[in-house]
Protein chains: 2
Amino acid sequence: MEPRKRPGRTPAPAGRTSRPRQAEVARLAGVSQATVSLVLSPKPDGKGRIISEETRQRVLEAARSLGYVPDPAARRLAAARNNLLGVFSFTATFPTDVQHSYYPFLVGVEREAAALGYDLVLFTGSSTGGAGAAGPDALSRVRLADGCLFIGRHTPRAELKRLVEDGFPVVHLGRREELEGVAWVGADYVEATSEVVGHLAELGHRRIVLVREDDDAPASSDRQRGFLEGLEAAGLPSGPTTVFRSADPQRDLTPERLRAWADEGVTAFVAEETDTGAAWRGLLSAVREAGLDCPTEVSLALLGSPPADLAGEPEPTGFDIPRPQLGAAAVRLLAALVAGEEAREPLVSCVFRPGLTAGPPRSHP
Amino acid sequence: MEPRKRPGRTPAPAGRTSRPRQAEVARLAGVSQATVSLVLSPKPDGKGRIISEETRQRVLEAARSLGYVPDPAARRLAAARNNLLGVFSFTATFPTDVQHSYYPFLVGVEREAAALGYDLVLFTGSSTGGAGAAGPDALSRVRLADGCLFIGRHTPRAELKRLVEDGFPVVHLGRREELEGVAWVGADYVEATSEVVGHLAELGHRRIVLVREDDDAPASSDRQRGFLEGLEAAGLPSGPTTVFRSADPQRDLTPERLRAWADEGVTAFVAEETDTGAAWRGLLSAVREAGLDCPTEVSLALLGSPPADLAGEPEPTGFDIPRPQLGAAAVRLLAALVAGEEAREPLVSCVFRPGLTAGPPRSHP
DNA sequence: CGGCATCGTTAATGCGTATTACCTAATGCG
DNA sequence: CGCATTAGGTAATACGCATTAACGATGCCG
């Protein structure tokens, strides 16, 4: 029987000059393609050095004279790894409304990814992305990468879980203990918040109120927990009235409300940081409208960093979230998962920021 | 003769769940791998053989339930396309020192890429010169994508040229006419700068000085050209003394220098925008130190947007670079190149910004 | 009723590289 | 000197997908 004709792809036009392949290097050096590959991709452990120095040089010379550059696609296909890490945020990665909110994380993510030799694929939850539909399986696009980093306060649990169950390496930036099996890296809000409360207590404040938004994200509840723990550690009362929770602090936090608290003996306020910074903004404007001076008449603290547009204001007492470090830690963890290693300690400490908005209470000498 | 053993790669561990392949989708749908490929990558021209609707749906259903995503490397290797566009910047894409410099571009890039159905790969080569990225072939990694967008004031010409010669679609964000064959999208600095000068001349300024950094990037020389053209168009003298060029404007731009100019009759200054904003900063502080009021005693204009940390200052007269639109235009151009179409008009107009730092000169009623 | 398009699907490739099993000579050893 | 070992290298895969010749099953027409 005749050998059947070759179906396959049309062979490349002979005349066309294209990038040199290993095969051409091999021909020029008078060796086989496999030898070229062995020479050009040396194994880290010196065990692979079975090619004689002479041949090695011949191959290297041939490769250089042809200007050979390995094809990354082929390389990655053969290695069964793409050296790609995904970054998925549930809002646009580059939001225009919430100015630059993820930027500091990305700084660390990019740097660490580069250091580890990974490139990044940016996915967006909001976009109607090309590869897949915007539907419920939008998340499956991330499988294109070797692993994926997720950023955002709110997370679709079910789909994430699906990825994890399939053995796809996933790291969440932000505490996600309630999602079984999802690796995460987070800031230690509990400890940091507690520390801020301790600082206020040391200054002499006896009644402190936490202002938070109406949001059940872990970042919020962690701060509340740290707040209560801090009160307790300082021996201060911690009733439910010490936490003011509002869906719209800028509306609900009126000057009257503030004065009422002051009359009750509240001398310090603590606000959580969110995307919008609504709690802090509400607090600031209420204090201003009430005509109270900070920090002589009232002390304020911000559990995080101030919004960028408030850069001109006096530096708030509170703590800084080491976002670049968090991003870097997340990438390290993800890379470890991709390499099949185990997850490690996920908490990154925050840095206390003395700031200028807290001082001793008035009645306290 | 016995069929020889299969050398090749060790088959994947049976128990391990890995990313689904077309073969698995095929098995689940009861068809062949080829059918899956035909269904999942439909030819643009409807000429291709058509798979029956029933089979099509079965395959799509199977693919969805498995969360199948095509392997970009394999796709690329098989000489098709990825739906991936690369983004490569010659400095870190998310720099720490020069805050947010590329961010506004990326906003447009991301949005447009999503709209056209592409995902983005952020090549992290330049930031730290990480693993294997330092070499002269650092750029070749971008070949994993269908095409690549390059951002940065300074560009390694040789390597970019190599990519272009090999027929790889490349678009540079920023004018690059001197690089033969490199497509680019840029802001029309010449026209915009000329317009700003015209505005100053109309206000009555007769002597205007341009402050620029010692940098030969096209963005700088375009502004200078526009500046000189603007002077000419307004019938103003344009000697070499009208351009002040300094490697460190914040040092060289002394209050004394400023007063000397004022004595010579200079009533307006124009600064270029750069990554660091050094020219503008130098100008501002020199004016302040010289005790001159702006805009009553001296008019200032900024050829671009002010640095983020000067957001509190009065809005500078000058123009805005429509960065998101530029990013979007670059992506559109790149997508066109990937599709094999021709390049089109690359210039995007800037938007004049009246601002508050320019007014009629003092001696002018 | 046989030839012959037509339709739907599959088998068999190729892309460029990495990885092994295997082969051949040269060398070592008792 | 005979056999085991090592050094140096090659052939034959596999990686996952796209492509296309070929094939079986119809339906159509003369």
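Just so we're on the same page: letters track the sequence lines, and every chain starts at 1.
D/dC1: Watson-Crick or G-U partner is C/dG30, with both key distances under 3.5 Å.
Rounded to the nearest 0.5 Å, atoms CG (B/Leu179) and CH2 (B/Trp184) are 11.5 Å apart.
Side-chain atoms of A/Thr55 lie closest to D/dG9 of the nucleotides D/dG9, D/dC17, C/dA18. The side chain of B/Ser37 has D/dT19 as its nearest neighbour among D/dG16, C/dT10, D/dT19. Closest contact between the side chain of B/Asp71 and the listed nucleotides D/dA12, D/dC17, D/dT20 involves D/dC17. Distance from the side chain of A/Ser52 is smallest for D/dG8 among the nucleotides C/dT10, D/dT10, D/dG8. Considering only side-chain atoms of B/Ala78, the nucleotide from D/dT10, C/dT17, C/dC15 that sits closest is C/dC15. With D/dG16, C/dG16, D/dG9 as the choices, the nucleotide that has an atom nearest any side-chain atom of B/Ala74 turns out to be D/dG16.
Side-chain contact check for B/Arg76 versus B/Leu84: every heavy-atom pair is 4.5 Å or farther apart. Side-chain contact between A/Leu85 and A/Val121 is absent, with no heavy atoms from C-beta onward closer than 4.5 Å. Residues A/Asp119 and A/Asn82 are not in side-chain contact: their nearest non-hydrogen atoms beyond the backbone lie 4.5 Å or more apart.
At the phosphate of C/dT17, neither OP1 nor OP2 sits under 4.0 Å from any side-chain N or O atom of A/Arg76. Regarding contacts with the backbone of D/dG16, a side-chain N or O of B/Arg21 is found under 4.0 angstrom from either OP1 or OP2. Contact annotation: B/Gln22 reaches the phosphate of D/dA18 (side-chain N/O to OP1 or OP2, under 4.0 Å).
Around atom CD of B/Glu53, more than 12 heavy atoms belonging to other residues, nucleotides or ligands sit under 6.0 Å away.
Legend: residues meeting side-chain hydrogen bond (donor to acceptor under 3.5 Å, both in side chains) with A/Gln325, ordered by chain and number and at least two apart, are absent. Qualifying ring pair (Phe, Tyr, Trp, His ring centres under 6.0 Å) partners for A/Tyr118, counting only residues two or more places apart in sequence or in other chains: none.
Heavy atoms only, all atoms of each residue included: B/Leu77 and A/Ala74 are closest at CD1-CB, 3.8 Å.
No engagement by B/Val36 is indicated, since no non-hydrogen atom pair under 4.0 Å with the nucleic acid exists. In this structure, A/Ser41 reaches the sugar-phosphate backbone alone: every heavy-atom distance under 4.0 Å involves primed, P, OP1 or OP2 atoms, never a base. Here B/Thr35 lies in heavy-atom contact (under 4.0 Å) with a base.
Taking atom CD on A/Gln33 and atom C1' on C/dC15, their separation rounds to 12 Å, with Å as the unit. The CG atom of B/Leu77 sits 16 Å away from the P atom of D/dA14 (whole-angstrom rounding). Regarding B/Arg56, its CZ atom lies at a distance of 17 Å from the P atom of C/dC7, rounded to whole Å. Straight-line distance from the OH atom of A/Tyr68 to the C1' atom of C/dA18: 11 Å, rounded to whole Å. When rounded to the nearest whole Å, the span between CD1 of A/Ile51 and P of C/dT19 equals 13 Å. Atom pair A/Leu38:CG and D/dG8:C1' shows a separation of 10 Å (rounding to whole Å applied). We find that CG of A/Asn83 is positioned 16 Å from P of C/dT17, with the value rounded to whole Å. The nearest whole Å value for the distance from the CD atom in A/Glu54 to the C1' atom in D/dA7 is 14 Å.
A heavy atom closer than 4.0 Å to some atom of DNA chain D occurs in no member of residues 57-66 of chain A.
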